[in-house]
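Here's the structure, in structure tokens; my notes come after.
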Amino acid sequence: MRDAYHEELDSIGEGLVEMARLVGSAIGRATTAILDTDLKLAEAVIEADAKVDSLQHELEARAIALLARQQPVATDLRIVVTSLRMSADLERSGDLAQHVAKLARLRFPAQAVPQDLYATILEMGQLAQRLMAKAAEVIVTKDVDLALQLEHDDDEMDLLHRTLFQHLIDDRWQHGIETAVDVTLLGRYYERYADHAVSVAKRVIYLVTGEHADEIQPPATGVDGT
């Protein structure tokens with residue numbers, strides 16, 4: 001019985017990793033869709049979010065069943081409760097990737113992102129994907145130092161978001177109100193996506209140490225690990 005119990009705990013962790021990998025792929029593909037005005041790819045991202053939702057529902061059902069049958073305590077209880085919270089972060093990340101794809105679909109065949117902001121949005125998309133890949137690695141390895149790095153990495157996303165905002169308030173902005181709204185929304189989607197990746201990492205820190213991330217000093221390294 002105990003072997004089956006721990007196998008079920010492991011399967012919850014595996015489900016979280018799969019969710020993280022799916023939403024990481026989704027934000028990368030959604031970014032390509034909006035920058036390349038690729039309607040087919042945008043539709044694929046939108047449809048694929050159902051898989052993330054399904055995984056979350058399955059994970060929640062497993063976790064609740066474990067709570068009811070096994071009544072875990074101490075570390076095991078922390079694993080189950082923290083996993084439920086991580087699954088919510090990951091599901092929301094998938095929704096944000098879907099929002100990017102839906103904006104690409106809404107504006108098709110027009111280019112939603114002005115050419116002078118193409119590089120910034122591309123960088124935000126790539127950074128978001130790297131952050132989620134690191135979050136997935138943290139779930140697998142339970143590496144607290146790596147988890148702590150994500151909050152530092154998120155500073156890069158905040159800087160890109162501020163850069164985007166500076167373009168919007170510049171007197172030389174010539175792309176109109178509709179595009180300004182689109183770009184504002186995109187910036188917010190990527191910023192929130194990064195926040196959810198950081199939240200996942202923080203929850204792993206709590207799972208492993210029983211301490212909250214803000215009680216621990218993060219190592220000063222970047223998203224590329226340098």
Side-chain angles (χ1 to χ4, degrees), residues 1-30 44-102 128-151 154 189 192-216:
M1 288 293 293
R2 295 300 295 176
D3 287 345
Y5 168 55
H6 284 102
E7 284 176 8
E8 193 65 20
L9 279 177
D10 290 344
S11 75
I12 290 173
E14 290 165 4
L16 290 170
V17 173
E18 185 176 0
M19 285 183 72
R21 288 172 177 164
L22 285 172
V23 300
S25 173
I27 198 66
R29 293 190 301 145
V45 173
I46 293 165
E47 292 173 10
D49 189 56
K51 174 64 174 175
V52 176
D53 293 342
S54 177
L55 279 170
Q56 188 202 17
H57 296 155
E58 290 173 15
L59 190 149
E60 285 183 344
R62 283 190 222 150
I64 291 168
L66 271 181
L67 288 171
R69 290 197 314 266
Q70 303 292 341
Q71 299 180 356
V73 296
T75 302
D76 288 350
L77 178 60
R78 203 157 66 221
I79 289 171
V80 176
V81 173
T82 302
S83 295
L84 284 168
R85 291 173 177 168
M86 284 194 284
S87 75
D89 281 313
L90 294 169
E91 189 275 334
R92 184 58 185 147
S93 299
D95 287 345
L96 291 163
Q98 186 184 56
H99 291 341
V100 174
K102 284 183 175 179
Q129 193 168 10
R130 293 198 303 273
L131 285 167
M132 192 55 72
K134 185 176 281 190
E137 185 178 352
V138 166
I139 295 170
V140 172
T141 63
K142 306 294 189 295
D143 185 330
V144 171
D145 287 340
L146 185 63
L148 287 166
Q149 289 175 17
L150 264 84
E151 190 163 11
D154 185 46
Y189 296 154
R192 290 298 299 141
Y193 184 100
D195 287 345
H196 284 295
V198 171
S199 180
V200 168
K202 286 182 174 181
R203 296 190 195 285
V204 173
I205 291 170
Y206 178 70
L207 188 158
V208 173
T209 68
E211 297 181 79
H212 294 287
D214 57 8
E215 299 170 356
I216 306 172

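Heavy-atom basis, side chains included; hydrogens, waters and symmetry copies ignored.
In this structure, OG on S83 lies 11.5 Å from CZ on R78, to the nearest 0.5 angstrom. Here the CG-OG distance, from D49 to S93, works out to 10.5 Å after rounding to the nearest 0.5 Å. Taken from CG in L16 to OG1 in T82, the straight-line distance is 10.0 Å, to the nearest 0.5 Å. The CD atom of E14 lies 11.0 Å from the CG atom of L59; values are rounded to the nearest 0.5 Å. For the atom pair OG of S199 and CD of E151, the computed distance is 10.5 Å after rounding to the nearest 0.5 Å. Rounding to the nearest 0.5 Å places CE of M132 at 11.0 Å from CG of L22.
Here the shortest heavy-atom pairing between I46 and Q98 reads O-NE2, 3.0 Å. Closest non-hydrogen pair, A197 versus A135, comes out as O-CB, 3.9 Å. Across all non-hydrogen atoms, the minimal contact from A136 to A20 is CB-CB, 3.8 Å. The minimum heavy-atom distance linking G13 with I139 is given by the pair O-CG2, 4.1 Å. Between L131 and A194, the closest heavy-atom pair is CD1-CB, 3.6 Å. Between S25 and Q129, the shortest heavy-atom distance links the atoms CA-NE2, 4.2 Å.
For the pair D53 and D95, the minimum side-chain heavy-atom distance is below 4.5 Å. Side chains of V144 and L148 form a contact here, defined as non-hydrogen atoms less than 4.5 Å apart. Side-chain contact between L9 and D76 is present, with at least one heavy-atom pair separated by less than 4.5 Å. Counting only heavy atoms from C-beta outward, the side chains of V23 and R92 never approach each other to under 4.5 Å.
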Side chain to side chain contact (heavy atoms under 4.5 Å, CB included) assessment of L150 paired with K202: CA-CA 9 Å; L150 264 84; K202 286 182 174 181; over 6 Å; no
Test log, rule side chain to side chain contact (heavy atoms under 4.5 Å, CB included), inputs L90 and V52: CA-CA 8 Å; L90 294 169; V52 176; 5.7 Å; no
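Looking at residues two or more places apart in sequence or on another chain, you find a side-chain hydrogen bond (donor to acceptor under 3.5 Å, both in side chains) between R62 and S11. Listed by chain and number, the residues in a side chain to side chain contact (heavy atoms under 4.5 Å, CB included) with A128 are I27, M157, Y190, Y193 (sequence neighbours excluded). Every residue two or more places apart in sequence or in another chain that forms a side chain to side chain contact (heavy atoms under 4.5 Å, CB included) with E60 is listed here: Q56, H57, L84, S87. Partners of R192 under the salt bridge (charged side-chain N to carboxylate O under 4.0 Å, His left out) rule, at least two apart in sequence or in another chain, are D195. Judged as a salt bridge (charged side-chain N to carboxylate O under 4.0 Å, His left out), and not counting sequence neighbours, D143 has no contacts. Residues that satisfy the salt bridge (charged side-chain N to carboxylate O under 4.0 Å, His left out) test with D154, not counting sequence neighbours, are absent from this structure.
Within the structure, no pair that satisfies the salt bridge (charged side-chain N to carboxylate O under 4.0 Å, His left out) test touches residues 16-25, not counting sequence neighbours. Judged as a salt bridge (charged side-chain N to carboxylate O under 4.0 Å, His left out), the pairs with a partner in residues 82-91 (not counting sequence neighbours) are, in order, D89-R203.
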